[in-house]
**Student:** 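Please find one structure pasted underneath; my questions will follow.
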Amino acid sequence: MNLRERRKRRDAASAYSTPQEATENDSMTALDQPRPLSAADDDIGREKRLRMFRLLLELRLTEKRAYDLFLQNLVKGTSHLSLGQEAVAAGFALGMRRDDYTFCTYRGHAHTLARGAPMSGVLGELMGRECGVTAGKGGSMHLTSVEHGAMGSYAIVGAHLPVACGAAWSAQYRGTDQVTACFFGDGTTNIGAFHEALNFAAVWKLPVVFVCENNLYMEYTPIGTVTAVEHPAADRAAAYGLARTIVDGNDADAVFRTASAAFARARAGQGPALIEAMTYRHSGHSRADPAQYRPKGELDEWLKRDPIKIYRERLVSLGFPEVDLGAIEADTERRVNEATEAAKASPPPPLTLIEKDLWADGGVAWRN
Amino acid sequence: MNLRERRKRRDAASAYSTPQEATENDSMTALDQPRPLSAADDDIGREKRLRMFRLLLELRLTEKRAYDLFLQNLVKGTSHLSLGQEAVAAGFALGMRRDDYTFCTYRGHAHTLARGAPMSGVLGELMGRECGVTAGKGGSMHLTSVEHGAMGSYAIVGAHLPVACGAAWSAQYRGTDQVTACFFGDGTTNIGAFHEALNFAAVWKLPVVFVCENNLYMEYTPIGTVTAVEHPAADRAAAYGLARTIVDGNDADAVFRTASAAFARARAGQGPALIEAMTYRHSGHSRADPAQYRPKGELDEWLKRDPIKIYRERLVSLGFPEVDLGAIEADTERRVNEATEAAKASPPPPLTLIEKDLWADGGVAWRN
Amino acid sequence: MAELTYREAVAAGIAQEMARDERVVFLGEDIGAAGGVFKATVGLFERFGPRRVRDTPISEQAIIGAAMGAAMTGLRPIAEIMFSDFFGVCWDMIANEIAKTRYMTNGQISLPLVIRTANGAGSRFGAQHSQSVENWAMAIPGLKVVAPSTPADVKALIAAAVRDPDPVIVFEHKSLYAVKGEVPDGETVDTLGSAKVLHPGKDCTIAALALMVPRALEAAARLQSEHGISCEVIDLRSLVPLDTRTLLASVEKTARLYTVEENPRLCGWGAEIASIVAEEGFWNLDAPICRITTPHIPLPAADRLEDATIPSVDRIVETVRRTMD
Amino acid sequence: MAELTYREAVAAGIAQEMARDERVVFLGEDIGAAGGVFKATVGLFERFGPRRVRDTPISEQAIIGAAMGAAMTGLRPIAEIMFSDFFGVCWDMIANEIAKTRYMTNGQISLPLVIRTANGAGSRFGAQHSQSVENWAMAIPGLKVVAPSTPADVKALIAAAVRDPDPVIVFEHKSLYAVKGEVPDGETVDTLGSAKVLHPGKDCTIAALALMVPRALEAAARLQSEHGISCEVIDLRSLVPLDTRTLLASVEKTARLYTVEENPRLCGWGAEIASIVAEEGFWNLDAPICRITTPHIPLPAADRLEDATIPSVDRIVETVRRTMD
Ligand SMILES: Cc1ncc(C[n+]2csc(CCOP(=O)(O)OP(=O)(O)O)c2C)c(N)n1
Ligand SMILES: Cc1ncc(C[n+]2csc(CCOP(=O)(O)OP(=O)(O)O)c2C)c(N)n1
Ligand SMILES: [Mg+2]
Ligand SMILES: [Mg+2]
């Protein structure tokens, strides 16, 4: 059986679920029935817009819940919220196919959820419960759900960019038209792996889209004070023969359009892209950080451009009925509650896990 | 005693010698007496031009001798010649002050000699003799002569670029106006350390000049096949907020002018530069390499632009008398012969060296 | 004597040296205005200013490379690598460049520099932010390696590291940052390469390091009171130079050796210690040498799993008791 | 049976696996058209073409990262790192990413990949191109580690590594590339984790690896003929998994253990072996365990110095003779 046949067979047998499907199969899909709303029937369309809204909410509410759980001392390790950055995760995920690959960072809750990983799996992982996506072995910085194309969250800055190249190379080699999306922060653009991966992807014309979520800070230090150019990613695209692309990372539609174009090019064999999405995190860098280094008023300015808020306003102005939006909100809230209860009810992982799955044979033995 | 005083005292007591002085103190300086040659009295001047010629020859003849010694099986390890690239080393060295710092690679014979390290020390190192600049401990890839500002040859691609940043930072911190020159190849521009160092230098505005010697090949692979841009260094300068600078690396005068300008800016606190010098190595990558990957005729084209040949022709056309040039040639040949004899006469290093100088106390003990 | 936390003692050690010697400079990510992600460098930026306490980009190779270049040209830099796991991204600079340069240049270049880093488990950070990699450093000729277990030690060993003419890696333990202890007033400087017998004993020797030291001490107390076993607990403090004299002398007395280490099992520092004793102390030994280690696995993140993975007081007590029968 | 050089056997092993399985791809610097700087991959590019044998930029992180990403999505990559010393520039990818990913993801991700590299001294290349870093790899949970000493072994262990579902590091020894040996015709596949007793003996056990194996064998022959000492020589071949059974059985018989290793002394694989025996084989031992190692220094370059630094046949003979008195 050659690779192409293998792939066909795998695709046929695929049990992948996607964020789209997850939404469509949801109990609330009745709300998403077509209505005669011409203003929303542009390139994006009403169906996708509702999916987007639902997804944005899902990311927001799950992370807010993660924060609550942290305050209740139920989140044991660290956690890095991306409250305020949801439009990037949602906009890209909606442009992806179920067999595409996502690579993200420790700030990866949203990206993992956006590909369809269950909320309870994410919350459970943060709480160190058995129902966590890696049953507590990885922790909040290593959310992974291969089943959903979420190929891992990487906690060492820059490391996943070369790995994303490899997944893209594999797709290219196998002759599929899968694409790979790789998310990272502004601070990541100054580490060596960024440079190696970008050049490598460009030279091999790999189907990978690199997405820099520029939230203005690397941990506590303003990115401008440690970077030689204003736009840490976009101003370097030319160094890899790539186009300079900046997108409003708080506008989910804008992100979706940019993502779709880049994915289409990558699928067509036209090589990688590097996209800089301007955004802002509402909370501190991690749970330990009160974010006091931010100039007064900066957060307030960005809150005015909260991606959920502006998306909801847009839907309203496009004529989506309040009641439908409210129903999606209520439904998402309910689902987050259910996921929370499920995670709370899940036991801690059994100690037997410690000595499992270092090797493919399921064990950890290093000797006979 | 504060740093500034310390520095003054050190400078006063300095035993540094420089390539310039080494040349001036040479027995043949009589030849270099001023003559009425107005055409040579431009920005560079006749005295510097003769120094340049002498230096170019010195680099060329020492490396040719290294090759002869290798054929005689007297060079034990590897060696990486820069035959054909001498104008870069000479042009930059002539623009440096005796207390400036040079960092180079395994292909560092010329750069080390150009700062004034003795030929016998370089040849002796290649031969594994006690007279070698590191008494045989470092080997051909680690030529170092701190006394001459040659702060080491680095054998792992890219590693010395961050180190050069450190030397430049130190000069900046100590308030001297020393500059640091850091040489590397085209292939080096694709490794992570390149990127980190360039950004770091730019952000800290360090007095360091990065020099990419683009000889078209990384080992055996044409650089164009593994790099996303045509000019691996120059086309990336903008990614660090630096100017795009390409210089004819086979024209020693052009190199000298470019170097001098960059050093002047760096000394004045105006920050780093990234310069791409186009050149070609006449021999293979290392002694093991017959360079059969080169397209037919490529070498011949470049031999027409041999830096020594074109420099000599220029001197002749500027009116420098043949006899003077011939005397410099004969003298350099003589000095290389003497250095060869000295290296051959030098014994292998004593075995006691093995257990010396891991630590500053002179020893290697890891226990009590 | 003042009572300081371990993290305060770190800052105090750095401050002491920066105040003493203008050549001492400090660089790293978020160490300045923010005071470090572990708040172990709070106050230094305010006191010594941005010229001497410098925030860097996320560029570990540049950080370590800059420290190296500065050290070879007259400064005495302290570089912070936020988590010791990140040694992976600058390992070439540490293991191939810094460690080898003096030797390769036949002594022409000195590298008086310090690399400080947060090491070890206990924070539920998962496998890439919890490693104990002191054995990585010990395995590289040319690096000195210390791993203090108390506030007093961390201050005075940092001071010793800064004054040492060679590169020193200081492993600070994350789970010790909040621990308090007496720190002598005024200038304190320790000696690299000296172990400390923290608890004398006669039945066996327990060699420990960093976070394992308080655990070994607690285990020794329990073994004494619950099982009547008298353990001599040695805090190695420094892996290079290694105080083999103190170690061998203790085993000569007790005839039994346990090592308690947090790094994964294979090729850990415990293996080195055990091998030294199996060669040089062999005739003094009355029983097999026993290494109590983290298993040879990456660290799991969940609190329950992490706690069960690294050596605990219970495991030390249990192992010693069982093997001393 | 054909007589092949070790370097030819490397190429033969890769070719065998690439011919068998289309998922096997090969990437590295100058490995393709040029056939590798050690000429260990000659012919592969011609045979399998640029789609499967790919030259890369000088970007070790990208090379290893690409291998990792490809392995997790269905391929079986072989990555070459030209010299093992360069693990320094991609150590994060090897030690933090590849080694830990299956464990951290609770088994969701498999990484069937091979990293081949030229290891060891003898070429007068100096301290940054001559290291033996097999102990670096052994110290990282999640990596399998082999270091073959003969052409037959290198071919069949590479094949085993490619077929293994986990990441395997294959250390090829530079100084063995030119060595010739019989290699069985046809497909050969070895087993990871099996040591070989190459020379039976009764007075002592000598455990060796890679270039140290032929030296140990020569020393054993001399010790027998010149001093009447009968040595059992074990070629460990694989450090992870480790064949402790063969090792412990041998020591049970001989009651004495020597390790001969090229990596620097501290925390080398010899320390691990010695510690295992000092714990589990203790009661069988009649004498101290003795490690014969490169001293804990970087390697000097000059031929005379290099030869005197790594363990030689003379040093093995001398050490065994002296300590067996
Ligand atoms: C190699 C490495 N260095 C440092 C860190 C510590 N660290 C974690 S997140 C972070 C800031 C990253 O900033 P950015 O890339 O902008 O991403 P953001 O957190 O803003 O999403 C740092 C320095 C790390 N994880 N890995
Ligand atoms: C990190 C690293 N990777 C690979 C090598 C092997 N290597 C030595 S020189 C070289 C080519 C370097 O090319 P370039 O930077 O163009 O310099 P040149 O040799 O042409 O002067 C390579 C790949 C190395 N020494 N270090
Ligand atoms: Mg950021
Ligand atoms: Mg080149």
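The chains referred to below are lettered A, B, ... by the order of the sequence lines, with proteins before strands, and numbering in each begins at 1.
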**Student:** So which of Ala34(D), Gly88(D), Pro57(D) has the biggest tally of heavy-atom pairs under 4.5 Å with chain B?
**Tutor:** Pro57(D)
**Student:** May I ask you to check whether Ser59(D) and Asn190(B) show a side-chain donor-acceptor distance below 3.5 Å?
**Tutor:** no
**Student:** Quick check on the interface: out of Thr78(B), Asp289(B), Ile156(B), Leu353(B), who has the most heavy-atom pairs with chain D under 4.5 Å?
**Tutor:** Ile156(B)
**Student:** Given that the side chain runs from C-beta out, which part of Thr227(B) has a heavy atom under 4.5 Å from chain D: side chain, backbone, both or neither?
**Tutor:** neither
**Student:** Should Lys76(B) and Glu306(D) count as side-chain neighbours, where that means a heavy-atom distance under 4.5 Å?
**Tutor:** no
**Student:** Would you mind telling me which of Thr309(D), Thr56(D), Leu266(D), Asp85(D) has the largest number of heavy-atom pairs within less than 4.5 Å of chain B?
**Tutor:** Leu266(D)
**Student:** Of the backbone (N, CA, C, O) and the side chain (C-beta and beyond), which part of Ala155(B) lies under 4.5 Å from a heavy atom of chain D, both, or neither?
**Tutor:** both
**Student:** Would you please test Leu358(B) and His296(D) for side chain to side chain contact (heavy atoms under 4.5 Å, CB included) and show each step?
**Tutor:** CA-CA 9 Å; Leu358(B) 180 61; His296(D) 204 58; 5.7 Å; no
**Student:** Do Arg304(D) and Leu351(B) have side-chain heavy atoms sitting under 4.5 Å apart?
**Tutor:** yes
**Student:** In Å, rounded to the nearest 0.5 Å, how long is the span from CD1 of Ile297(D) to NZ of Lys137(B)?
**Tutor:** 7.5 Å
**Student:** Mark yes when over 12 heavy atoms from residues, nucleotides or ligands other than Tyr67(B) sit less than 6.0 Å from its OH; otherwise mark no.
**Tutor:** no
**Student:** Of the backbone (N, CA, C, O) and the side chain (C-beta and beyond), which part of Gln292(B) lies under 4.5 Å from a heavy atom of chain D, both, or neither?
**Tutor:** neither
**Student:** Pick one of side chain, backbone, both or neither for Ala308(D), based on which atoms fall under 4.5 Å of a heavy atom in chain B.
**Tutor:** both
**Student:** From Ile58(D) CD1 over to Phe194(B) CZ, what is the distance, rounded to the nearest 0.5 angstrom?
**Tutor:** 12.0 Å
**Student:** Name the region of Val89(D), side chain, backbone, both or neither, that has any atom closer than 4.5 Å to a heavy atom of chain B.
**Tutor:** side chain
**Student:** Quick check on Leu299(D) against chain B: is it the side chain, the backbone, both or neither that has a heavy atom closer than 4.5 Å?
**Tutor:** backbone
**Student:** Go through the atoms of Met218(B) and report whether side chain, backbone, both or neither lie under 4.5 Å from a heavy atom of chain D.
**Tutor:** both
**Student:** Sort out for me which of Gly139(B), Ala288(B), Pro349(B), Gly158(B) touches chain D most, counting heavy-atom pairs under 4.5 Å.
**Tutor:** Pro349(B)
**Student:** Do you know the tightest heavy-atom contact between Gln128(D) and Tyr154(B)?
**Tutor:** OE1-C, 4.4 Å
**Student:** May I ask you to test the Tyr220(B)-Asp55(D) pair for a side-chain heavy-atom distance under 4.5 Å?
**Tutor:** no
**Student:** To the nearest 0.5 Å, tell me how far Arg265(D) CZ sits from Arg367(B) CZ.
**Tutor:** 8.0 Å
**Student:** Under a 4.5 Å cutoff for heavy-atom pairs, which residue among Ile191(B), Thr134(B), Ile354(B) has the most contacts with chain D?
**Tutor:** Ile354(B)
**Student:** Taking side chain as everything from C-beta outward and backbone as N, CA, C, O, which of these in His129(D) sits under 4.5 Å from a heavy atom of chain B? Side chain, backbone, both or neither.
**Tutor:** side chain
